Protein chains: 2
Amino acid sequence: MNSFKIALAQFSPDTGNLTANAEKMLEQANEAKKQNADIIVFPELSTVGYPAEDLLLRPSLNKRTKQAFEKLAEVKDIVLVFGFVNQTEDGQRYNSAAVMKDGQVLGIYNKQNLPNYSVFDEKRYFSEGHQHLVFEYLGHKFGVLICEDAWSLPTVQQLAQLNVETALVLNASPYEVGKPQHRIETMSALAKQMHLNLVYCNQVGGQDDLIFDGTSFVIAKDGQVIVQASSFKEELHIAEYDVAEKAFKVGTIMPVLDTMAEIYQSLVMATRDYVQRSGFSGVILGLSGGIDSALTLAIAADAIGPEKVQAVMMPYTYTAQISVEDAAEQAKNMGVTFGIADISPVVSGFMQTLFPFFGNAPADATEENLQARSRGTLLMALSNKFGNLVLSTGNKSELAVGYCTLYGDMVGGYAVLKDVYKTIVFELAKYRNSISDKPVIPERVITRPPSAELRPDQTDQDSLPAYDLLDAILYAYIEEDMSQDDIIAKGFDAETVAKVIRLVDSNEYKRRQGAIGPRISSRAFSRERRYPIVNGWKPGI
Amino acid sequence: MNSFKIALAQFSPDTGNLTANAEKMLEQANEAKKQNADIIVFPELSTVGYPAEDLLLRPSLNKRTKQAFEKLAEVKDIVLVFGFVNQTEDGQRYNSAAVMKDGQVLGIYNKQNLPNYSVFDEKRYFSEGHQHLVFEYLGHKFGVLICEDAWSLPTVQQLAQLNVETALVLNASPYEVGKPQHRIETMSALAKQMHLNLVYCNQVGGQDDLIFDGTSFVIAKDGQVIVQASSFKEELHIAEYDVAEKAFKVGTIMPVLDTMAEIYQSLVMATRDYVQRSGFSGVILGLSGGIDSALTLAIAADAIGPEKVQAVMMPYTYTAQISVEDAAEQAKNMGVTFGIADISPVVSGFMQTLFPFFGNAPADATEENLQARSRGTLLMALSNKFGNLVLSTGNKSELAVGYCTLYGDMVGGYAVLKDVYKTIVFELAKYRNSISDKPVIPERVITRPPSAELRPDQTDQDSLPAYDLLDAILYAYIEEDMSQDDIIAKGFDAETVAKVIRLVDSNEYKRRQGAIGPRISSRAFSRERRYPIVNGWKPGI
């Protein structure tokens, strides 16, 4: 034999649906066989999907896993390396990989390093393995690693010391901005240092708030990238190993994305997967004429097709005419259904019912929230009647400081921009305009000062610092965990910093009731930043 | 010396506020000294409160802990045993106890058993300790354990083998129905088995969705209860040890509560702590004339006083006259502010705005949800205008099957009955009526068939099985993790079981956006039952 081939199945599991996943893995194995692959590698926990959370605790998981093994045993003449939950007779549960050929399990590897920080909770579900798995096949010595294992130098060192030539690495490594490139660079340095070929197969697809970008790769022991899959797509790639040369041959290398393209595509995939997997036929969203809803509209239309997107403009007294015009133009540019729903009768109805309580009390945020909640309820009514999922359009900057109305503009099943700072929203809008023949988001939507239009002549900057300033403070506080004192010491205005931090701290209750949305940062609210709602922590040091 | 005294400070920390907690601990130490105590024991992590979640990851925690130590160093002539986060120089973080006298730290114990299941996430924050702490004082040999340690037989055995006479156990053990009694029985058996006196001090108070009941105790090595604190109250108790007799003297033993009293008081404390600690001056809730809102009203009034409770009845076409009468009577019985807000103008406003979209489409759940959302928005408007926190009134049975409207009856900051099944709601209503001179909840509210009153002559049982049947299925599925097949095998109607499970599975998205509420069961939604929203798990096996 002069060479052998390894397939990487960059696949998007249906979380919790072991039957469907096993079927799909079987198809991929057959496709890999057609391309003469000798081995096929799947992502971490490929049978059940990642993260399956407390579904992993259901008593029948073991039975379902056995059924998946039976299905996979139908594949002949190719070695399958796939992820599964290994429940042993002593009651332990492991995050494991099986090496299977012709229905025979040749070896099982239990993950040794269980991440339990950031978005990860693996110690809730799994015990740690303590042993490497090494197997010889086709005259070549393979080892197996699972995700976090590859980031533990001692673990990889031990494997390398067993004279392993190639490590098969099964992953469910979540996306964040720049992560695909960072992962490749880190693994390239590792391969070189350990003199080890790395076959790295990553899960792809959106799972609730987590995005898996895929971007699987093969890196040779000299650090060179041999094969690289696309981000945000299911793909099957083949890496060929030349036995005489003792080296992988350079194969398909898909291009790396620029930052804005990467973020945009991540949001498109996450939105598509959420909508389709939760069984909705389409989406609906409120178009305000502002940039957040404009960008959300573009992402939605790109994700599921404009014919499945309904946009509604809901004007009131304070809505500028140009907002209505811009909303209509966005909808037309994107080719989505567009309607206008004047909220005046609703707001009047509320004020009539509330008059005996409010009397002549002066207007305050209450009346602004009423407008937002009238809109939210209208969107939900249209959703209930016609079956479209409501997308909410708020961004991370707003959610951070609570510049949004609970049960108002926060309604919806998926908050597309939840983890996207406002300054990035502008960049993404420009990026989206740059990739079509003519701009889909009218220029003045990008250049106009942002406004909630809830009172006359309002702009966001009446209540908040300018967005570049706000985002810089938020980034320091949230992503970098800096204290109030330290942020002020960096040169920001003390009063502004104190106000922003007070707003972040006091709006945890709002965020907790908000829709989930795709995580693209290294510190997303909720799953990753878990703060008590009631707490007496004082800012300062 | 003929005897010595140990104080148990069953105290309610302000989570994250180390300054306030240290001040309060200092006061308690001074109070204990007045009662001639030689040692005072505080709960687990008493300086920072439990669970402080990701506040524990903030870089300044160490500085704040040092400040708390400095404050506590002011106490002289009594040994303090308290909980704190021990960040060591090698970068490890431990859940620890300090033994301090006259400002000198005599010893530090790092918790050895870190719970990372159910509501617990301690492995996210802490490393495991590997060593016991034993100290002699007053001629007596003491050991220290922290919460989960006391439930690990090997850990307690090792301590007992060090000839320890009394273990000081620091706890933040969350409440669930029957837990206070269960804890005492387990610890009594343990004390006897290990021949070890147990001084068990537990945190008390509500922290978001978790309730800490307190119910601290001292149990002698023969298993006898020596001292027992109340549940759901801050208390300081003293246990006296007779040196000659080598035994604790029986002291104050507060009575154990009956189950309904226990649950009721747990909800009252949790509600009070949430409202007060989130800084609200009062609460508002919608009274429907039904039993859920009636019970929530009683709990709220008992928690913070009727003068701080505002109740609003929001009738519509389908509201029965007796519902309005019963709501008014409940409000009068409880002595709370009561108002009526007819929602007709609001619903008309919505229908007018929606007509161009709906045309003559037949009425369905959309119109029912509109009524619920009109009410939710009205409550939020009254909350915004007058500053009262909205309590939501849905129960666990409804939330489980999604028989509730997101942004409608689900609005609110705290969902008092979130973890209380409907059948228990009835029991609690009867219990509450039994403890006042005359019933506060009108008899017919308890006996009438429950109805959402969202269409003519509707009752809950049009859509759902009878509540005793529904709750039995829900309990088997949620609390007992039984599969659909197993529940059917118990004798329940197959179609009913399948429907209930389908509803539970498909309503995760609703629950995820609901308000938090006090946990009283062994499987509360959200913090304890963590399911993906999008998943393909199929019921059956």
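In what follows, every chain begins at residue 1, and chains take the letters A, B, ... in the order their sequences are listed. Values in this document were obtained by computation on a predicted structure and should not be read as measured data.
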Which portion of [X] sits near chain A, non-hydrogen atoms under 4.5 angstrom:
| X | answer |
| --- | --- |
| B:Ala363 | backbone |
| B:Val48 | neither |
| B:Met380 | both |

Charged N to carboxylate O below 4.0 Å: is that the case for [X] and [Y]?
| X | Y | value |
| --- | --- | --- |
| B:Glu122 | B:Arg93 | no |
| B:Arg277 | B:Asp208 | no |
| B:Arg124 | B:Asp54 | yes |
| B:Asp409 | B:Arg375 | no |
| B:Asp209 | B:Arg527 | yes |

Part of [X] within contact of chain B (heavy atom distance under 4.5 Å):
| X | answer |
| --- | --- |
| A:Tyr477 | both |
| A:Leu61 | both |
| A:Asp342 | backbone |
| A:Glu528 | backbone |
| A:Pro51 | backbone |
| A:Ser118 | backbone |
| A:Ala52 | backbone |
| A:Ala20 | neither |
| A:Phe120 | backbone |

Quick check for you: among [options], which has the greatest number of heavy-atom pairs under 4.5 Å with chain A?
| options | answer |
| --- | --- |
| B:Ser374, B:Ser348, B:Ser278, B:Ala381 | B:Ala381 |
| B:Leu370, B:Leu57, B:Val346 | B:Val346 |
| B:Tyr274, B:Tyr117, B:Tyr509 | B:Tyr274 |
| B:Glu53, B:Glu367, B:Arg58 | B:Arg58 |

Does the plane of the ring in B:Phe212 sit parallel, tilted or perpendicular to the ring in B:Tyr50? Use 30° and 60° as the thresholds.
perpendicular
Determine, step by step, whether B:Asn116 and A:Tyr125 satisfy the side-chain hydrogen bond (donor to acceptor under 3.5 Å, both in side chains) criterion, reporting the C-alpha distance in whole Å, the side-chain angles of both residues, the deciding distance to 0.1 Å, and the verdict.
CA-CA 9 Å; B:Asn116 206 64; A:Tyr125 306 107; over 6 Å; no
Out of [options], which one racks up the most heavy-atom pairs below 4.5 Å with chain B?
| options | answer |
| --- | --- |
| A:Asp14, A:Leu55, A:Asp481, A:Asn535 | A:Leu55 |
| A:Leu56, A:Asp273, A:Leu354 | A:Leu354 |
| A:Ile516, A:Leu406, A:Thr366 | A:Thr366 |
| A:Pro532, A:Gly206, A:Gly349 | A:Pro532 |
| A:Phe357, A:Tyr407, A:Phe386 | A:Tyr407 |
| A:Gln513, A:Lys63, A:Arg529 | A:Gln513 |

Dump the intermediate steps for ring pair (Phe, Tyr, Trp, His ring centres under 6.0 Å) on A:Phe358 and A:Phe355, then the final yes or no.
CA-CA 5 Å; A:Phe358 285 7; A:Phe355 184 75; 9.2 Å; no
Below 4.5 Å, heavy atoms only, C-beta onward: do [X] and [Y] meet side chain to side chain?
| X | Y | answer |
| --- | --- | --- |
| A:Met314 | A:Leu379 | yes |
| A:Asn388 | A:Leu382 | no |
| B:Asn113 | B:Glu128 | no |

With a distance cut-off below 6.0 Å to the six-membered ring centre and an angular limit of 45° from the axis, does A:Arg511 pair with A:Phe525 as a cation-pi contact?
yes
Could you check whether any side-chain N or O of A:Arg373 sits under 3.5 Å from a backbone N or O of A:Glu368, counting only pairs where one atom can act as donor and the other as acceptor?
no
